[in-house]
Amino acid sequence: MVYRSSRRPVQDENIYLTRFDKDLKTDVVSDKHHGTIHFWQICSVILVLICLGLTVAIVVLSTSGNIPDTPRCGTSKINRNFVDLSEPDKPGPFHDLTKSEMKKLREFLENDPNIHVEPAETARMEQSALYLLDLYPAKKADVIRYLDNSGPQPIRQARAIVFRGDLSSPVVEEYICGPLPEVKKCSLLKSDKRRNPVEFALRPISLVENEAIVDVLLREIDRKVGFILKESYGTSFYNCFPEECLTMYTTPMGTNLVGDISMRRSWVWAVYPVEYYALHPLDFAALVNCDGSDPRKFSVDKIWYHGKMHESVDDFIAAYNSNKTGKTRVRQRFNSQDAFSSLHQRGDLLPDQPLRPPTLVEPDGIRYTLKGRQIEYLGWSFYFRLSALTGPSFWDIRYKGERIAYELSLSEFAVFYSAHNPMQRTTDFVDSGALIGFHAKSLVPGADCPETATFINQSFSGQVVSEPLEISRALCLFENNNGYPLRRHLSYTKGEGGFYGGMLDSVLTIRCAVTIINYDYILDLILHQNGVIESRVMSTGYILPSFYTSEERPYGFQTEENFFGPVHHHMFHFKVDLDISGVSNRYETLDVSVETVDLRSAKGTSYYQTRFDRNLKKTEKEALFKFNFDKPKYHVVHNEHVKTKFGELKGYRIALDGMSKQPLPENENNEGTIAWARHQMVVTKHNDEEPLSSSSYAMLDSLNPVVNFTKFYEDDENIVDEDLVFWITSGMHHITRSEDLPLTTTVGNHLTFFLLPFNYFKECPSVASRDHIRISHKNPKDQKEGVKVERNGNQFHTCSLPPVSKEYDDLVEENPDIILESRHVRGFF
């Protein structure tokens, strides 16, 4: 926190003193009788001014950091930690693709005679176009051999997704390319768990296709029905002032809804271009046909207007002109700082005067290290990635040298909507189809993360630019305390011993915020000092509303004119590959039940109490878990051959605190593409061919999913003393309310699961933390001597806050592209 002087400017002080002297002189002349009193008044005022001047000087000096003998916060000599954000020349097995690797790989794909990817700047849908480059993780056994047994580092390989619009029957092909960085070959990915190539109609959403829809279909719609749009809404898609023209929101339809794996259909909604555009929907939409790879053949199938479906554009025009359909008249909306959907500050300011919120200070500097995508913190160590496809993942998570998890990663998230209108009714987003990692960018200090955080850039391969793109502030890393004790106890009285012990819960957090068009998802990995791993996801951002009519009442509340937010279901899927004391693990539940026993103190009287029974899960199907309040249980993972000194199991417990039920019937409509949401947890035997529970095609592949998660456990493999993977589902149903405007807030929307040590340590490992504070009597035999406070070397001392070398606001002014696309096309959404 930087303290600033609130004194008046020097010229104002001189004016004040001049006026004071004049008034004082007049008082002395008019009343000589009280001269002595005035003399002491003068002395008092002078002393006050001297004190004020000294105070101002101290404040100014402390602000500039030049007070002698005052250490600067964060620059303690004992702080030998460091941060190295440079890309390594020889990246390890968990490091994302480097810029050099991506550049060389793109050159290889452009020159390969069989693939012949076109340059990104000129590639069209009917050509061979590169969609994605991402790291293809090495086999687990090879990586562990390298990490634990001094084996060779596995070769690095990349995954490339190519849209083959150049083929007579266009498809999407996935290649594995390597070795990196000097690629020798790219081969089609072969796996029993997924098909490849993939139908072209299932291709993920791309910038090139969106541009084609705008250039071809919107122009055609506007040419034919632009007059209706202007009569209904005051404007249209074209032939209007650019800032007033309608814009669009696109939602694809799953193939199980159209009944053909080769058909690609999307709804294009009309919305006003007001901040934020998605919150200004209109009752006009077109169902567009995007079959094939030639945009010139795209067409409009149906029109939705004024609560009615029209089978073609011509049918709609005829019905409108003959008054056979109702006519909408909506008052056109324009940008305004007072619009309910804008993020301008409005209302009575709180507090009345500018007072900055509390801020985080690291008085002795950071307590973590970061080098080569490896982080170490108070006994913890791990690697991290930010996959373009699936977002954040964490690898080789260890505590005090022992591996707890080989992998903890986001696998997929989805949101399914409901409504009366056909557009929102079929809006079932599965977001890896929009590239989750690409949308993690531009974290803002003081808003998204503490100002003290370390911000980490991330490089991706873009869709419409050939050079690798570096995204500023894609992740942040920081330590903070949660503001509540990790543990504490006060023994106040002599009889209880007379002591206090406790410590705040200071944790390390690595975070990214993913913005998928209107919604924002904040994803955290949190490490506690008691050996606990926490995974948390929070949702915020804009809801996705629809045009309100009375038919929409079962699905949401009207909160603005022509506006309602429909009920929807957020679902998140995580992969947790636990290695507790090695890769030979068991999963069992401790099932809590009620038993009847003899009270004993009153003969013949029954007493009801709870007990638990150990229940070993032997196969994958037996381990399928759906939450049941009537059957409480603990989920425990352990190595049968490693026990405590008392012969008890030594493991970790999985605590699921963000569960929700997916109520849709199995394999109906789009449910098949999120088969992973049927259970709150699934346990499978590790398989390198099961890296993800979903795919980038899941937005549309509901008729025949490219990755069918049920196949992961249908073979019902043995899971006793095996390398186990835990697939965890979190979620929440969201019934929107007026307070979700303008943005939904994270409060109440924290979905977490914990990995908790369970007999793993002989005691809570936080007892070794210097953060622990103990208060006890100086002399237990003579408690009147008072108490002492033990802080384990972390004594209080004063320090001045370091000046910010480059203010964030100045940085944005100098380079606006680090937060908003202003000067350069960045090559992705």
Restricting to salt bridge (Lys or Arg N to Asp or Glu O under 4.0 Å), what partner residues turn up for [X], sequence neighbours left out?
X	value
Lys99	Glu470
Glu182	Lys104
Asp96	Arg373, Arg385
Arg473	none

Q. Taking the six-membered ring where the residue is Trp, are the ring centres of Phe384 and Trp395 under 6.0 Å apart?
A. no

Q: Please find out if less than 6.0 Å separates the ring center of Tyr519 from that of Tyr521.
A: yes

Q: Give a yes or no on this: more than 12 heavy atoms of other residues, nucleotides or ligands lie within 6.0 Å of atom CZ of Arg770.
A: no

Would you say [X]'s side chain and [Y]'s backbone share a donor-acceptor pair under 3.5 angstrom?
X	Y	result
Ser822	Leu820	yes
Ser472	Ile818	no
Ser766	Ser769	no
Arg346	Phe340	yes
Arg511	Asp448	yes
Glu209	Ser206	no
Arg156	Gly92	yes

With sequence neighbours excluded, what pairs up with [X] under the side chain to side chain contact (heavy atoms under 4.5 Å, CB included) test?
X	result
Val183	Leu105, Phe108, Cys177, Leu180, Cys186
Glu243	Phe241
Glu376	Thr369, Gln374, Ser381
Val532	His528, Asn530, Phe754, Leu756, Pro757

Q) Looking at Phe94, Tyr406, Phe394, which hits ring pair (Phe, Tyr, Trp, His ring centres under 6.0 Å) with Tyr383? A) Phe94

Q: Would you sort out whether Asp524 and Thr509 count as a side chain to side chain donor-acceptor pair (under 3.5 Å), showing the intermediate values?
A: CA-CA 6 Å; Asp524 291 345; Thr509 300; 5.5 Å; no

Q) Parallel, tilted or perpendicular: which fits the ring planes of His570 and His568, with parallel below 30° and perpendicular above 60°? A) perpendicular

(Q) In terms of relative ring orientation, are Phe574 and Phe753 parallel, tilted or perpendicular, with 30° and 60° separating the classes? (A) perpendicular

Q) Can Met248 and Ile213 be said to form a side-chain contact (heavy atoms from CB on, under 4.5 Å), step by step? A) CA-CA 10 Å; Met248 69 170 188; Ile213 290 174; 4.1 Å; yes

Solution key, residues 409-417 side-chain donor-acceptor pairs under 3.5 Å, sequence neighbours excluded:
{"unit_1": "Ser409", "atom_1": "OG", "unit_2": "Glu407", "atom_2": "OE2", "d": "2.8"}
{"unit_1": "Ser411", "atom_1": "OG", "unit_2": "Ser693", "atom_2": "N", "d": "2.9"}
{"unit_1": "Ser411", "atom_1": "OG", "unit_2": "Ser693", "atom_2": "OG", "d": "2.8"}
{"unit_1": "Glu412", "atom_1": "OE1", "unit_2": "Asp431", "atom_2": "N", "d": "3.4"}
{"unit_1": "Glu412", "atom_1": "OE1", "unit_2": "Ser432", "atom_2": "N", "d": "2.9"}
{"unit_1": "Glu412", "atom_1": "OE1", "unit_2": "Ser432", "atom_2": "OG", "d": "3.3"}
{"unit_1": "Glu412", "atom_1": "OE2", "unit_2": "Ser432", "atom_2": "OG", "d": "2.5"}
{"unit_1": "Glu412", "atom_1": "OE2", "unit_2": "Ser694", "atom_2": "OG", "d": "2.6"}

Q: Name all residues meeting the ring-ring contact (aromatic ring centres under 6.0 Å, His included) criterion together with Tyr249; count only those two or more places apart in sequence or in a different chain, and write none if there are none.
A: Trp269

Q: Only pairs at least two apart or in different chains count here, so list each side-chain hydrogen bond (donor to acceptor under 3.5 Å, both in side chains) that has a residue in residues 739-755.
A: His734-Asp740

Q: Would you kindly say whether Ser466 and Glu121 are connected by a side-chain donor-acceptor distance under 3.5 Å?
A: yes

Q) Given side chains that start at C-beta, do those of Leu360 and Glu451 come closer than 4.5 Å, heavy atoms only? A) no

Q. For Cys449, what residues pass the disulfide bond (SG atoms under 2.5 Å apart) criterion, not counting sequence neighbours?
A. Cys476

**Q.** Spacing of CG belonging to Leu504 relative to CG belonging to Asn482, to within rounding of 0.5 Å
**A.** 9.0 Å

